[in-house]
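As structure tokens, the structure follows; a few thoughts come after it.
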Amino acid sequence: MTAETSMPTGTDLLAEIDRLRKERNAVILAHYYQRPEIQDIADFVGDSLDLSRKAAATDADVIAFCGVKFMADTAKILSPGKIVVLPDMDAGCSLEDSCPPEKFKAFREAHPDHIALSYINCSTEVKALSDIIVTSSSAETILSQIPLDQKIIFGPDRHLGGYLSRKLGRDMLLWPGVCIVHEAFSETELMKLKAQHPGAPVAAHPECPPSIIDHADYVGSTSGILKFASEFAGDTLIVATEPHIMHQMEKALPEKTFIGAPGADGNCNCNICPYMALNTMEKLYTALRDLEPRIEIEEGLRVKAKASLDRMLEMAAGTVGKGDLGAR
Ligand code: 13P
Ligand code: SF4
């Protein structure tokens, strides 16, 4: 046995996860930032919007959510009758951490004429305090449906909010949160990399700061970046988001070269999301075996949070991601 997972030594993880998935009538959902072996065993791989839609629609009894906690919480909010397990309950998010509900509540109360548009990377409590949730793939579609004279609070990601403000010409009050992973890209190192690969476009996630976005040829969600990777004309792409997404690119497009944008020392692992990386095959196996750690949400809170998520799903109805690129 190992202390961490109480897993019998010599367990054939692939076979056991597969057996348990059938036995439990479970669906394994994974985000593109998960380890390659988890992406490969998942029933569905997608961006935050795709995964929310899958969680809302599944007829499985158990959702094994391989992502971070706000994503698994979202699955439970949308599918309260399912058992939702997250392989590692410590898989949090710096954006969620940046926005304590009581401070967000006070911010809202200080601006009563504003509606609150919140990025899905926030706690269930903040979702319950918000009017509409957005993901990076649905934010533009949703914002374009809100009257121009409506005042808006946007949180918790100031970089996504700032990007949307600049692109759509909408002045929004921004919560000052950041993603520690996207914040770690270095403009200086990106310039050096671009010089080494003349003509290679840069695709960036909107969680990146403006110093990176300003050099991007494409800015979009993880599913949008994957779509761009399959469509751009050249043979080399510089990718400014969490590097595990490149697993899908390398599988689907072996003839092209994908290079992760660097951090400050030019060659670090600082752009691997430390929270996403907490999920492992061993922990997925024990989560399916024990149906723990399990997401539980108090019903009154869940219903309030569901209202803002339902609004997202309705308003994003026309948004088609490219999540099926990673589906098995
Ligand atoms: P996507 O919705 O683009 O997949 O982004 C999710 C995310 O924020 C993980 O950092
Ligand atoms: Fe949160 Fe950033 Fe990790 Fe995404 S990459 S889960 S935003 S810390």
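Order of listing sets the numbers, starting from 1, for every ligand and every atom in it.
Legend: protein N/O/S atoms lying under 2.8 Å from atom 2 (Fe) of ligand 2, waters omitted, number 1.
No more than 12 heavy atoms of other residues, nucleotides or ligands shown are found within 6.0 angstrom of CG on Asp171. A 6.0 Å sphere centred on NZ of Lys194 holds more than 12 heavy atoms belonging to other residues, nucleotides or ligands.
Using a cutoff of 4.0 Å between basic side-chain nitrogens and carboxylate oxygens, Lys105 and Glu102 are not scored as salt-bridged. For Glu140 and Lys167, the salt-bridge test passes: some basic side-chain N is under 4.0 Å from an acidic carboxylate O.
Between Tyr218 atom OH and Glu231 atom CD the span is 9.0 Å, to the nearest 0.5 Å.
Grouping the Ile, Leu, Val, Met, Phe, Trp and Tyr side chains by contacts below 4.5 angstrom, directly or via other members, places Ile272 apart from Val45. Hydrophobic clustering (ILVMFWY, side-chain heavy atoms < 4.5 Å, transitive): Leu190 and Met246 are in distinct clusters.
Between the side chains of Thr222 and Asp47, no donor-acceptor pair is found at a separation under 3.5 Å.
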At less than 3.5 Å, what protein N or O atoms come close to the N or O atoms of ligand 1? Include the distances to 0.1 Å.
| unit_1 | atom_1 | unit_2 | atom_2 | d |
| --- | --- | --- | --- | --- |
| ligand 1 | 2 (O) | Ser48 | N | 3.2 |
| ligand 1 | 2 (O) | Ser48 | OG | 2.8 |
| ligand 1 | 2 (O) | Ser136 | OG | 3.4 |
| ligand 1 | 3 (O) | Ser136 | OG | 2.8 |
| ligand 1 | 3 (O) | His205 | NE2 | 2.8 |
| ligand 1 | 3 (O) | Thr222 | N | 2.9 |
| ligand 1 | 3 (O) | Thr222 | OG1 | 3.4 |
| ligand 1 | 4 (O) | His31 | NE2 | 2.7 |
| ligand 1 | 4 (O) | Thr222 | OG1 | 2.5 |
| ligand 1 | 5 (O) | His205 | NE2 | 3.3 |
| ligand 1 | 8 (O) | Tyr119 | OH | 3.2 |
| ligand 1 | 8 (O) | Asn121 | ND2 | 2.9 |
| ligand 1 | 8 (O) | Glu207 | OE2 | 2.5 |

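Side-chain rings of Trp175 and Phe107 approach one another, their centers coming within less than 6.0 Å.
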